Amino acid sequence: MRRIFIAGGSGACTRQTSMAPMAGWGQVLHLYTQGVEVVNAARAGASSRSFYERGRLAWILENIAPGDLLLISFGHNDMRAEDGRFTAPFSDFQYYMRKYTDGARARGAHPVLVPGVERRVFDAHENMRRSLGVYPQAIRELSRTISVPLIDLHDFTSGWWEQLGAEESKKVFLYLRPGENPNYPEGVEDNSHLRPHGALECARFVARGMYAQGLLLPEYFRNLEAPAPEQEVTWLPDDVFEHLTKSRVSEVAE
């Protein structure tokens, strides 16, 4: 069976039951595909450097096969100076991103660059800010330089948040009142992580991008004209999540 591997950070990763309704777009991508397996190896907090150094790319490259796709989505955590995650946009960030693209190609697989979801950041005048700096531009430049397909999720979400505005965009992100959800008894105001509606629309955009660019045959896609129902979103049981987190790191500890 053809497979779609995902390497990335928290915007794409699959969440466990104890973190619902937080959801990543990779968690729901399977709702827009058929006859293909989605292998979501994205991890919360990962940068292009830390994902590589912790053995996660090695695990993907050990398991990927000719004809598979590798969706690569980093940038949110590459700007963080702590814990050795930082990469400079037009130097070591692109250097690490090429490890993913070159590794996939060396195994007959097809890399796809996916600039990540923009954060919800508005100023006092309700103008939206681009919080990811030039990392998306660095990905676009790399796409042109090495001729790797690009699905610009950053551009899509930036326009979507701007269209929704400061208040309406809260409905897409993890905004919960105290007592609204037992997983967040004190409530939460999270401008980085999505609820199911946001994750579903982002996954649909990625699937439509794959379809439009002919990265998979048309029969591998479904539900592209409208978002899948939110009741179809599922979360991993915490024990299963813990097992998968450990098993997809190629013997490298967290």
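Everything numeric in this text was worked out from a predicted model, so none of it was measured.
The 12-atom threshold is exceeded at CD of Glu219, counting heavy atoms of other residues, nucleotides or ligands nearer than 6.0 Å.
With sequence neighbours excluded, the residues satisfying ring-ring contact (aromatic ring centres under 6.0 Å, His included) with Tyr96 are Tyr52. Under the rule for a side chain to side chain donor-acceptor pair (under 3.5 Å), Glu126 has no partner lying at least two apart in sequence or in another chain. Considering only residues two or more places apart in sequence or on other chains, Glu162 meets the salt bridge (charged side-chain N to carboxylate O under 4.0 Å, His left out) condition with Arg130. With sequence neighbours left out, the side chain to side chain donor-acceptor pair (under 3.5 Å) criterion links Asp92 to Arg49. Evaluation of the side chain to side chain donor-acceptor pair (under 3.5 Å) rule for Asp68 yields Arg3 as partners, not counting sequence neighbours. Every residue two or more places apart in sequence or in another chain that forms a side chain to side chain donor-acceptor pair (under 3.5 Å) with Asp238 is listed here: Ser18. In this structure Glu180 satisfies the salt bridge (charged side-chain N to carboxylate O under 4.0 Å, His left out) test together with Arg177, sequence neighbours excluded. Qualifying ring-ring contact (aromatic ring centres under 6.0 Å, His included) partners for Trp160, counting only residues two or more places apart in sequence or in other chains: Phe156, His197.
In this structure, the side chain of Arg120 engages the main chain of Ala166 through a donor-acceptor pair within 3.5 Å. Between the side chain of Asn40 and the backbone N or O of Ala42, at least one donor-acceptor pair lies under 3.5 Å. Not one N or O on the side chain of Glu53 forms a donor-acceptor pair closer than 3.5 Å with the backbone of Ser50. Put simply, the side chain of Ser143 gets close to the backbone of Val148: a donor and an acceptor are under 3.5 Å apart. One N or O on the side chain of Asn63 and one on the backbone of Trp59 form a donor-acceptor pair closer than 3.5 Å. Looking at Glu37, its side chain never comes within 3.5 Å of a backbone N or O of Arg2 through a donor-acceptor pair.
With rounding to the nearest 0.5 Å, the separation of CD1 in Ile139 from CD in Gln94 is 9.0 Å. For the atom pair CD (Glu62) and CZ (Arg107), the distance works out to 8.5 Å, reported to the nearest 0.5 Å. Note that the CG atom of Asp239 and the CD atom of Gln16 stand 11.0 Å from one another [nearest 0.5 Å].
Under a hydrophobic-cluster definition in which Ile, Leu, Val, Met, Phe, Trp and Tyr are linked whenever side-chain heavy atoms come within less than 4.5 Å, directly or via other members, Val172 and Val121 are assigned to different clusters. Cluster annotation: Phe90 is not connected to Ile146 through the hydrophobic network of ILVMFWY side chains, with a link wherever side-chain heavy atoms come within less than 4.5 Å. Hydrophobic clustering keeps Val134 apart from Val114 (ILVMFWY residues linked when any side-chain heavy atoms are closer than 4.5 Å, directly or through intermediates).
The shortest heavy-atom contact between Ala203 and Trp25 is CB-O, 3.4 Å. Shortest non-hydrogen contact noted between Ile64 and Ala109 is CD1-CB, 3.6 Å. In plain terms, the two heavy atoms of Ala104 and Leu61 that are nearest each other are N-CD2, 3.8 Å. Of all non-hydrogen atoms in Ser48 and Asp78, the two that sit nearest each other are OG-OD2, 2.6 Å.
Residue Met22 shares its hydrophobic cluster (ILVMFWY side chains chained together at separations under 4.5 Å) with Met19, Leu174, Leu176, Tyr184, Val188. Its side chain outside the 4.5 Å cluster rule for every partner, Met1 clusters with none of the Ile, Leu, Val, Met, Phe, Trp and Tyr residues.
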Q | Derivation of the side chain to side chain contact (heavy atoms under 4.5 Å, CB included) call for Cys13 and Arg43 | A | CA-CA 5 Å; Cys13 75; Arg43 291 292 178 267; 5.5 Å; no
Q. Where do Ile6 and Ser73 land on the side chain to side chain contact (heavy atoms under 4.5 Å, CB included) test, with the steps shown first?
A. CA-CA 8 Å; Ile6 303 173; Ser73 186; 5.8 Å; no
Q: Decide yes or no on side chain to side chain contact (heavy atoms under 4.5 Å, CB included) for Leu113 and Thr101, but give the supporting numbers first.
A: CA-CA 8 Å; Leu113 294 169; Thr101 60; 4.1 Å; yes
Q: Verify side chain to side chain contact (heavy atoms under 4.5 Å, CB included) between His193 and Val117, making sure each step is shown before the conclusion.
A: CA-CA 9 Å; His193 300 113; Val117 175; over 6 Å; no
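Ser10 and His76 share no side-chain donor-acceptor pair at under 3.5 Å. For the 3.5 Å distance criterion, the side chains of Lys171 and Tyr175 fail to qualify, holding no donor opposite an acceptor. Under 3.5 Å, the side chains of Ser47 and Asn77 contain no donor-acceptor pair of N or O atoms.
Listed by first and then second residue, the side chain to side chain donor-acceptor pair (under 3.5 Å) pairs involving residues 204-216 are Glu201-Arg204 (not counting sequence neighbours). Pairs engaging residues 103-155 under the ring-ring contact (aromatic ring centres under 6.0 Å, His included) rule: Phe93-Tyr135 [sequence neighbours left out].
A 4.5 Å side-chain heavy-atom check between Pro115 and Asp155 finds every atom pair outside the cut-off.
Ion pairing between a basic and an acidic side chain is recognised when a charged N comes within 4.0 Å of a carboxylate O; Arg140 and Asp152 show such pairing.
By the 30° and 60° cut-offs, the orientation of the rings of Phe51 relative to Tyr100 is tilted.
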